[in-house]
Amino acid sequence: MEVSAEAPVEVQATRLLLSLRRTSDPYEVYDRLRGLGPVLLVPALNSVVLCGYDVCRHVLRSAEFRVPDAAWRDQHIPGWRRSTAMEAYGTSLLNTNPPEHQAGRERFAPHLTRSVIDRLTTTVRELADDCVRGFAATLARYGVADAVPLLTVPLPARVLCALLGLPDRDAETVAGMMLRHQVVGELFPTQEGLAGADRVTGELATYFRRLREGTDPKAQPVWTQLTEVECLLLLQAGFSTTFALLSTALCELLKDDGALAADLTARPELIPDTVEGWLRYRPPAAVVSRITNRDAVLSGVSVPADTHLLVLIAAANRDPDGPGNLSFGLGAHYCLGAQLARMEAVALIQAILPHAVNWRLQSSSAVFVGHTMPQVRALDVTMKHPPSAGASDHTVDGPTAD
């Protein structure tokens, strides 16, 4: 979207935010938003937009700001409960404040401790290797393949199934549901998208009912220790951000004719720091919301109490004056699954590197969708040295958000 620099700042900011619905590079848009100033008043969206690192860090850490919980939504978003999916999201752990929030975290924390995640290390590596082997075989057979349904979608879904004790064979079903449900976290969800998310809540209830019928009650896998709504939250939060991170990793790894892949093959000890760089400069969770508890002054701008704030993590992380990474949040809402997401990204890179020398991205295949979590929905990979003549292009079915 072309945005004139001569337009008022609030108009430029509104148009740039709306352009994020579909763009080839959302992070360039966030850079432009940050260039407009650290704090932007955007009346058209009934919000104040925060772009600077210092102000975003302050708001994420401070108890002077809260998340938009159900009470706030009841007052400011008429009819939001008509969507069962939105109601489940709006009343979930992601959208509760202390003291309820701490009690909710205690329900999940035992299943996401460092020791629990460490025990998953071998499983995550094996799953990454298996996904890459399957993708490599398809690519070798057809010469072109979409890495999203074959690689960056199934890996986080299979890891979550392992974490919760769900059958690995159900990972595709789980991924399909999460792709349709994640619209609830978007800034501007469509009615069609919400209707699809509502259907997922019913499908998930049916899924767990059937699973319960065939599960030995003595086994007590993790999913039996949580409610269905809690399982949905864990699946959604764990899938969406990691899927976005893995897609970014693959894009970055294979662009520029695989120069980065060659560097990491020579120096694999740089892989963890490389993941941190992607998390900072291309964060999977680009936007979060907060509400002012009382009148505040943010970077010199007066903001009334009960104002909706859009905290643009993707802009703040790219602030040259910012020393750190806000991608997993700060304070009470720091992401419980941060360690697992990092582990999956490292495992995927390690599994891909032996193949990357012969892989490349098909020109202009990556298109990002979404404001809150920019995600690549198609990522065509080809071979630098294609298979023998006679192989044909192939479209591989997989979970989609349609």
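Treat the numbers as computed from the prediction; the structure is a model and nothing was measured.
Residues Ser299 and His58 fail the side-chain proximity criterion, which asks for heavy atoms closer than 4.5 Å. Proximity of Arg342 to Glu276: side-chain heavy atoms (C-beta onward) are separated by under 4.5 Å at one or more points. Between Leu18 and Arg15, every side-chain heavy-atom pair lies at or beyond the 4.5 Å cut-off. Between Leu155 and Phe135 there is no side-chain heavy-atom pair separated by less than 4.5 Å. Side-chain atoms of Asn293 and Phe65, non-hydrogen and from C-beta on, never get closer than 4.5 Å to each other. Within the 4.5 Å cutoff, the side chain of Thr227 has heavy atoms near those of the Arg107 side chain. At least one side-chain heavy atom of Thr91 sits less than 4.5 Å from a side-chain heavy atom of Arg81. The shortest distance between side-chain heavy atoms of Leu310 and Val42 does not fall below 4.5 Å.
Here ring-ring contact (aromatic ring centres under 6.0 Å, His included) pairs that include residues 225-252, with residues two or more places apart or in two chains, are Phe239-Phe243. Residue pairs meeting the salt bridge (Lys or Arg N to Asp or Glu O under 4.0 Å) criterion with at least one member in residues 53-63: none, sequence neighbours excluded.
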Would you list the atom pairs, donor with acceptor, under 3.5 Å between side chains in residues 156-164 and any protein atom, with sequence neighbours excluded?
{"from": "Arg158", "atom 1": "NE", "to": "Asp168", "atom 2": "OD1", "distance (Å)": "2.9"}
{"from": "Arg158", "atom 1": "NE", "to": "Asp168", "atom 2": "OD2", "distance (Å)": "3.4"}
{"from": "Arg158", "atom 1": "NH1", "to": "Asp130", "atom 2": "OD2", "distance (Å)": "2.8"}
{"from": "Arg158", "atom 1": "NH2", "to": "Asp130", "atom 2": "OD2", "distance (Å)": "3.2"}
{"from": "Arg158", "atom 1": "NH2", "to": "Asp168", "atom 2": "OD2", "distance (Å)": "3.2"}

Please report, to 0.1 Å, the donor-acceptor pairs under 3.5 Å made by any side chain of residues 324-337, with sequence neighbours excluded.
{"from": "Asn325", "atom 1": "OD1", "to": "Asn317", "atom 2": "ND2", "distance (Å)": "3.3"}
{"from": "Asn325", "atom 1": "OD1", "to": "Ser327", "atom 2": "N", "distance (Å)": "2.9"}
{"from": "Asn325", "atom 1": "OD1", "to": "Ser327", "atom 2": "OG", "distance (Å)": "2.7"}
{"from": "Ser327", "atom 1": "OG", "to": "Leu279", "atom 2": "O", "distance (Å)": "2.3"}
{"from": "Ser327", "atom 1": "OG", "to": "Asn317", "atom 2": "ND2", "distance (Å)": "2.9"}
{"from": "His333", "atom 1": "NE2", "to": "Thr96", "atom 2": "O", "distance (Å)": "3.2"}

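Checked by atom type and distance alone, the side chain of Glu10 never pairs as donor or acceptor with a backbone atom of Leu41 at under 3.5 Å. With hydrogens and angles disregarded, no donor-acceptor distance shorter than 3.5 Å links the side chain of Asn95 to the backbone of Val67. The closest donor-acceptor contact from the side chain of Glu87 to the backbone of Arg82 lies at 3.5 Å or more, if one exists at all. Between the His308 side chain and the Arg290 main chain, no donor and acceptor come within less than 3.5 Å of each other. In this structure, the side chain of Gln375 engages the main chain of Ser240 through a donor-acceptor pair within 3.5 Å. In terms of modelled atom types and a separation under 3.5 Å, the side chain of Thr190 and the main chain of Gly193 share a donor-acceptor contact. For Tyr89 (side chain) and Gln182 (main-chain N/O), no donor-acceptor pair under 3.5 Å exists by modelled atom type. Under the 3.5 Å distance criterion, the side-chain polar atoms of Thr241 are matched with a main-chain donor or acceptor of Ala237. Not one N or O on the side chain of Ser247 forms a donor-acceptor pair closer than 3.5 Å with the backbone of Thr152. With hydrogens and angles ignored, the 3.5 Å screen pairs a side-chain donor or acceptor of Lys384 with a backbone N or O of Val357.
Side-chain contact, Thr224 with Gln220: no donor N or O sits under 3.5 Å from an acceptor N or O. In the model, His76 has a side-chain atom that pairs as donor or acceptor with a side-chain atom of Asp306 under 3.5 Å.
With sequence neighbours excluded, no residue satisfies salt bridge (charged side-chain N to carboxylate O under 4.0 Å, His left out) with Asp129. By the salt bridge (charged side-chain N to carboxylate O under 4.0 Å, His left out) test, Arg73 is found to be paired with no residue, residues two or more places apart in sequence or in another chain being considered.
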Practice prompt. Give the C-alpha distance, both sets of side-chain angles, the deciding distance and a yes or no for side chain to side chain contact (heavy atoms under 4.5 Å, CB included) between Tyr30 and Leu16.
Written response: CA-CA 8 Å; Tyr30 286 115; Leu16 286 169; over 6 Å; no
Worksheet item: Can you list the steps and then say if Leu151 with Leu379 is a side chain to side chain contact (heavy atoms under 4.5 Å, CB included)?
Response: CA-CA 10 Å; Leu151 201 53; Leu379 194 59; over 6 Å; no
Practice prompt. Determine, step by step, whether Ile77 and Trp72 satisfy the side chain to side chain contact (heavy atoms under 4.5 Å, CB included) criterion, reporting the C-alpha distance in whole Å, the side-chain angles of both residues, the deciding distance to 0.1 Å, and the verdict.
Written response: CA-CA 8 Å; Ile77 311 177; Trp72 185 87; 3.9 Å; yes
Item to complete: Please assess Glu64 against Val59 for the test side chain to side chain contact (heavy atoms under 4.5 Å, CB included), listing each intermediate value before the final yes or no.
Response: CA-CA 8 Å; Glu64 297 299 307; Val59 167; over 6 Å; no
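Minimum interatomic distance between Val148 and Arg377 (heavy atoms only, all atoms of both residues): CG2-C, 3.9 Å. Looking at every heavy atom in both residues, Ala345 comes nearest to Leu246 through CA-CD2, 3.6 Å. Taking every heavy atom of both residues into account, Gln12 and Ala7 meet most closely at NE2-O, 2.7 Å. Here the closest non-hydrogen pair linking Pro38 and Val55 is O-CG1, 3.8 Å. Nearest approach of Pro272 to Val346, heavy atoms of both residues: CA-CG2, 4.4 Å. The shortest heavy-atom contact between Leu36 and Ala13 is CD1-N, 3.9 Å.
Going from atom CZ of Arg210 over to atom CD of Glu213 covers 8.5 Å, rounded to the nearest 0.5 Å. The distance from atom CG of Leu139 to atom CG of Asp146, rounded to the nearest 0.5 Å, is 11.0 Å. Rounded to the nearest 0.5 Å, atoms CG (Leu245) and CG (Leu250) are 11.5 Å apart. From Asp170, atom CG reaches atom CE of Met177 across 8.0 Å, with rounding to the nearest 0.5 Å. The CD atom of Glu126 sits 11.0 Å away from the CG atom of Leu120 when rounded to the nearest 0.5 Å. Atom-to-atom distance recorded for Leu112:CG and Ile117:CD1 is 5.0 Å, nearest 0.5 angstrom.
A salt bridge links Asp25 to Arg282: one of the charged nitrogens lies within less than 4.0 Å of a carboxylate oxygen.
Heavy-atom neighbours of Glu269 CD from other residues, nucleotides or ligands within 6.0 Å: above the threshold of 12. Atom OH of Tyr281 is surrounded by 12 or fewer heavy atoms from other residues, nucleotides or ligands within 6.0 Å.
Separation of the Tyr207 and Trp223 ring centroids does not fall under the 6.0 Å cut-off.
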